Amino acid sequence: MQNKRIVELDALRGIAAVSVVLFHYLYRFNELYGHKDLPVNWIEFGQYGVQLFFIISGFVIYWTINNTKKPADFIVSRFSRLYPVYWASIIVTFFSVGYFGLEGRDVSTKDALINLIMFQDYFNVSHVDGVYWTLTVELTFYFWIFSLSLFNLLKKVEYLCVPVILLGILHYSGGYELPSWFIKALLIKHLPFFVVGICFYKIVNGLHDKFSIPIILLCLFESGVIHGFSKIGLFASFFIVFYLAVSGRLPFLANKFLIYLGVISYPLYLIHQNIGYIIINKFYEYNYPALLGVFTAILFSILIATLLMKLIEQPLLSLIRSIYKKPKIQIYANKISNIR
């Protein structure tokens, strides 16, 4: 069983985050506000960095929950990792948009407060930053994985997901219309990428069986049904690169810069979009070169992400986990585990 940190995963996180950042600053900005004389179509594929994040999450979360002794361990691990820096990012983004203004991106104070729970999507509440929709997806995946672990069903998780994947193929191919709440609750659109991550975890750790590869191929097929079969080559390359990376066959990924981008990838993802749009718009407003605006937005987002990582994410993660490890807290955690 693999227990050591895989630095290639950090590198892949960094690559995924940067691809999403470039997509937003070039292609998506052009759709929303318009770029002048900047080539943007080449980075359209950057939006699929999100799907790479989902594959990574499938791998890492399955790995994490298999190595936690108590249910509370998993909850505290995920809470300390996700929420503190997310809350900080909401505050920074909300006040930045409120002060500088950004057309179509402002939300009410009430909606911003609801955003703090991270699953505001289920209440049809606007996101403080558009990228936050993926966090609801991640939390939903955590919920199902956690629930399956409580019933000792983790070993067969990919098999339990197959009927859902088949329903997704049926829905997105036009065979049957599923209710929107059902699609959201069962992650119909995103589940194949999480499942692929789980399957690769099993493969690299010798826990797979003869159906692991067919399930990966089924997930690839569903990704084509959902996103268009022209994207199958892209997703297949994701799968191959991911497998090669986590099995130690891509040593060039153990690069300090890529690993650093991976370390700040979560705060970078959280903070970049609206603040970057504000910066680029300001460069247009003062007739500065657009490309310089994009470059400045990238550097500024990396700087803010670094500060959030060093001042919020890492210190509070350590603080929360150290408090949780105190004997009195552990007594309560053990009592909850015994109820299971």
Side-chain angles (χ1 to χ4, degrees), residues 10 13-14 16-26 28-29 32-33 46-47 49-50 53 78-121 123 125-139 260-286 288 292-320:
D10 286 326
R13 284 192 188 98
V18 170
S19 69
V20 172
V21 169
L22 290 174
F23 167 76
H24 283 139
Y25 288 174
L26 294 170
R28 184 64 176 146
F29 184 94
L32 293 172
Y33 307 107
Q47 64 186 297
V50 170
F53 274 127
R78 293 299 90 201
F79 177 86
S80 61
R81 174 79 173 92
L82 294 182
Y83 275 92
V85 71
Y86 170 68
W87 289 336
S89 299
I90 286 177
I91 293 169
V92 173
T93 302
F94 177 73
F95 284 105
S96 295
V97 172
Y99 183 79
F100 293 103
L102 187 62
E103 183 182 351
R105 294 284 172 171
D106 56 320
V107 300
S108 67
T109 302
K110 177 184 175 182
D111 285 353
L113 290 173
I114 295 174
N115 268 245
L116 295 175
I117 62 176
M118 201 183 281
F119 47 88
Q120 60 273 7
D121 222 14
F123 300 102
V125 171
S126 298
H127 299 288
V128 170
D129 193 299
V131 299
Y132 294 170
W133 70 267
T134 63
L135 303 180
T136 301
V137 173
E138 291 275 356
L139 277 185
Y260 178 75
L261 288 176
V263 171
I264 66 166
S265 60
Y266 183 48
L268 177 60
Y269 182 80
L270 293 174
I271 206 72
H272 79 274
Q273 188 175 16
N274 284 353
I275 289 176
Y277 288 167
I278 291 170
I279 293 171
I280 298 169
N281 272 325
K282 287 297 179 184
F283 271 71
Y284 272 116
E285 184 180 332
Y286 292 105
Y288 295 145
L292 182 60
V294 171
F295 185 67
T296 302
I298 292 170
L299 291 181
F300 190 76
S301 294
I302 290 175
L303 173 62
I304 297 298
T306 298
L307 292 174
L308 286 173
M309 180 268 291
K310 290 187 175 181
L311 300 178
I312 304 293
E313 184 180 28
Q314 290 185 346
L316 290 183
L317 183 148
S318 298
L319 177 63
I320 292 169

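Since we're looking at a predicted model, the values are computed, not measured.
- When side chains are defined from C-beta on, V263 counts as touching M309, because their heavy atoms get closer than 4.5 Å.
- In F300, the CZ atom is not crowded: 12 or fewer heavy atoms of neighbouring residues, nucleotides or ligands sit closer than 6.0 Å.
- For the atom pair CG of N115 and OH of Y132, the computed distance is 7.5 Å after rounding to the nearest 0.5 Å.
- Under the 4.5 Å side-chain criterion, counting only non-hydrogen atoms from C-beta, P84 is not in contact with L317.
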Trace of the side chain to side chain contact (heavy atoms under 4.5 Å, CB included) decision for I279 with V294:
CA-CA 8 Å; I279 293 171; V294 171; over 6 Å; no
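- Atom CD1 of I114 is separated from atom OG1 of T109 by 11.0 Å, given to the nearest 0.5 angstrom.
- The two residues F100 and K282 come nearest to each other via the heavy atoms CD2-CE, 4.2 Å.
- In this view, K310 satisfies the salt bridge (Lys or Arg N to Asp or Glu O under 4.0 Å) rule with no residue, not counting sequence neighbours.
- Nearest heavy-atom pair, Q120 versus T136, reported as atom, atom and distance to 0.1 Å: N-OG1, 4.3 Å.
- The shortest side-chain heavy-atom distance between L82 and M118 falls under the 4.5 Å cut-off.
- Nearest heavy-atom pair across S301 and Y25 is OG-OH, 2.7 Å.
- Taking all atoms of both residues into account, the shortest heavy-atom contact from P267 to V85 is CB-CG2, 4.0 Å.
- Counting only distance, with no hydrogens or angles, the side chain of W87 and the backbone of L116 share a donor-acceptor pair below 3.5 Å.
- T134 and Y269 form a side-chain donor-acceptor contact under 3.5 Å, judged by distance and modelled atom types alone.
- One side chain, Y260 or T306, offers a donor N or O that lies under 3.5 Å from an acceptor on the other.
- A distance of 9.0 Å separates CD of E313 from OG of S89, quoted to the nearest 0.5 Å.
- Here the side chain of Y33 pairs a donor or acceptor atom with the backbone of E103 at under 3.5 angstrom.
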Just do the side chain to side chain contact (heavy atoms under 4.5 Å, CB included) check on I298 and H272 with the steps written out, would you?
CA-CA 8 Å; I298 292 170; H272 79 274; over 6 Å; no
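- For the pair R105 and N274, the tightest heavy-atom approach, listed with the atom from each and the gap, is CD-OD1, 3.3 Å.
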Run the side chain to side chain contact (heavy atoms under 4.5 Å, CB included) test on V21 and Q273 for me, step by step, so that the C-alpha distance in whole Å, both residues' side-chain angles and the decisive distance to 0.1 Å come before the verdict.
CA-CA 7 Å; V21 169; Q273 188 175 16; over 6 Å; no
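- For the atom pair N281 CG and I278 CD1, the distance stands at 8.5 Å (nearest 0.5 Å).
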Just do the side chain to side chain contact (heavy atoms under 4.5 Å, CB included) check on F29 and Y284 with the steps written out, would you?
CA-CA 12 Å; F29 184 94; Y284 272 116; 3.7 Å; yes
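- In plain terms, the two heavy atoms of G49 and A16 that are nearest each other are O-CB, 3.6 Å.
- Residues L22 and S19 fail the side-chain proximity criterion, which asks for heavy atoms closer than 4.5 Å.
- Ring centroid separation for the pair F79 and Y83 comes in under the 6.0 Å cut-off.
- One finds the CG atom of L270 at 10.5 Å from the CD1 atom of I275 (value rounded to the nearest 0.5 Å).
- Atoms CZ and CG, from F94 and D129 in turn, are 13.0 Å apart once rounded to the nearest 0.5 Å.
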